[in-house]
Amino acid sequence: MIGSDSRVVNPSREISGTIRVPGDKSISHRVAMLSGLASGESVIEGFLTAEDCINTLRSMEILGASVSRQGDFVKVVGTGGKFNSPKSILDMGNSGTGMRLLAGLLAGQNFVSEMTGDDSLRSRPMKRIKEPLEMMGAAVELLGRNGCAPVRIRGGNLHAIEYKSPVASAQVKSCVLFAGLFANGTTTVVEPKATRDHTEKVLKGTGVPVKCDGLRISLDGYGSGGPKFNGRKWFVPGDFSSAAFWLVAAAASEGSQVTVENVGLNPRRTALLDVLKRMGAEVEVRGQANEVGNLEPDINWEPVGTVTVRGRGLKCTEIGGDEIPNLIDELPVVAVAGALADGRTVIRDASELRVKESDRIATMAKGLSALGVKVEEKPDGMIISGKAKIKGGTEVDSKGDHRIAMSMAMLSFFADNPVRIHNVACINTSYPGFWDHLRKLTGSND
Ligand code: S3P
């Protein structure tokens, strides 16, 4: 999403208080899609009513579901296992998750459908889903340049596959598992590294048996008639990736303390907490045991709780290997932590950052440098020399990437002068209310 909007962020050494962040984006997409496919009514509480997930809800309507919404409380009456042929192109906006996961479900439908998105989404790789979906029997055309969207899918008559994914991507895994619902036989995805397992959990939540055996995830398909499950009540916890910005800002500022309540604490999402501990922050987690989400005791659901981070000053660390998928969306703000830490922080094995909403290695390196931080860009990460003076009185560009815009806002708190951040409207794709929280936690920042 590209806009000409901008915002000035003032220095603010104390970042303290208690907040609740909006609903988890990954979970909201998944429950919206499964509710669209269910028989009967689903009620979703805590849904992320941000642009990305609203686009997914709209697609569900175009595919035949009926949707009503009051704040973050959403009701969906699903289509009962198969979608209706869409009368228009499905616009997934800025969301790779929306497009790649829905591609899996569309591959199971006996009709031709087309998905598109904004400039950012139309520059992201889609061959990673074309390959497995075509192995299953769908025809997938990538109508953009260099294997990008728009995506046209002729679905139906799928067969089960065992797919060894070359990328550690929850989106690819989920796409194949969703398509597998419409195949005969057992579909298996083998991941190179463990990625977030929300799809496995929400599928179990609908009663679809999913087997997880280390890096092998399998499900038995229902064939071309599609899966039959009833709508249900879903609870979406706060998004850990939104909480992350404030947790890092508090950690980097001695004497600050931020508490985030009702936040999702799935271990495949919370590696940032381990990183912050290594860097010297005090991290306290309470109520981790399914206490809020476990509305139906027989359903394996997401851990939820409260996190408090207290700042003690940060020291450098190294981040790489299996940890990367468990903090992939937090790496821009981890780079900010590195800039504010003593010593050289190294991020490696993270080349996937180059194909996110922007090239997050290049965009972050540029943003950090603009504020006087020494950073060495690597093909798969960066090396950040921390504790330089953060020079404000300048401008940076998010390149329309929501996580870069919010990460740069965090770094700006530590600058010697205000910083103007360009292209901040993209924050609405994941974190409506971000600026209100900024005001609340910094006292005032306008
Ligand atoms: C997501 C998975 C991740 C993440 C994205 C959301 C998901 O992408 O970066 O923001 O909801 O499955 P990849 O799985 O492609 O790394």
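Everything numeric here is computed off the predicted structure, so don't read it as measured data. Both ligands and their constituent atoms are indexed starting at 1 by order of listing.
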Q. Looking only at non-hydrogen atoms, which of Val172, Asp329, Val355 approaches atom 9 (O) of ligand 1 most closely?
A. Asp329
Q. Got a donor-acceptor contact below 3.5 angstrom from the Gln171 side chain to the Arg100 backbone?
A. no
(Q) Check contact between His29 and ligand 1, using heavy atoms of the residue and a distance below 4.0 angstrom. (A) no
Q: Can you spot which of Lys193, Arg360, Arg128 makes a salt bridge (charged side-chain N to carboxylate O under 4.0 Å, His left out) with Glu352?
A: Arg128
Q | Close approach, Lys356 and ligand 1, non-hydrogen under 4.0 angstrom | A | yes
Q | Sidechain-backbone polar pair: Asp5 side chain, Val424 backbone, donor-acceptor under 3.5 Å | A | yes
Q: Return the option from Leu327, Val167, Thr97 holding the heavy atom at the smallest distance from atom 6 (C) of ligand 1.
A: Thr97
**Q.** Donor-acceptor contact present, side-chain Asp197 to main-chain Glu200, <3.5 Å
**A.** no
Q) Which residue supplies the protein heavy atom nearest to atom 14 (O) of ligand 1, what is that atom called, and how far is it? A) Ala170 N, 2.6 Å
Q.
If the cut-off is 4.0 Å to any non-hydrogen atom of Ile328, which atoms of ligand 1 fall inside it?
A. 9 (O)
Q | Reported CZ-to-CZ distance for the pair Phe178 and Arg30, which is rounded to 0.5 angstrom | A | 6.5 Å
Q. Which protein heavy atom lies closest to atom 12 (O) of ligand 1, and at what distance to 0.1 Å?
A. Arg30 NH2, 2.6 Å
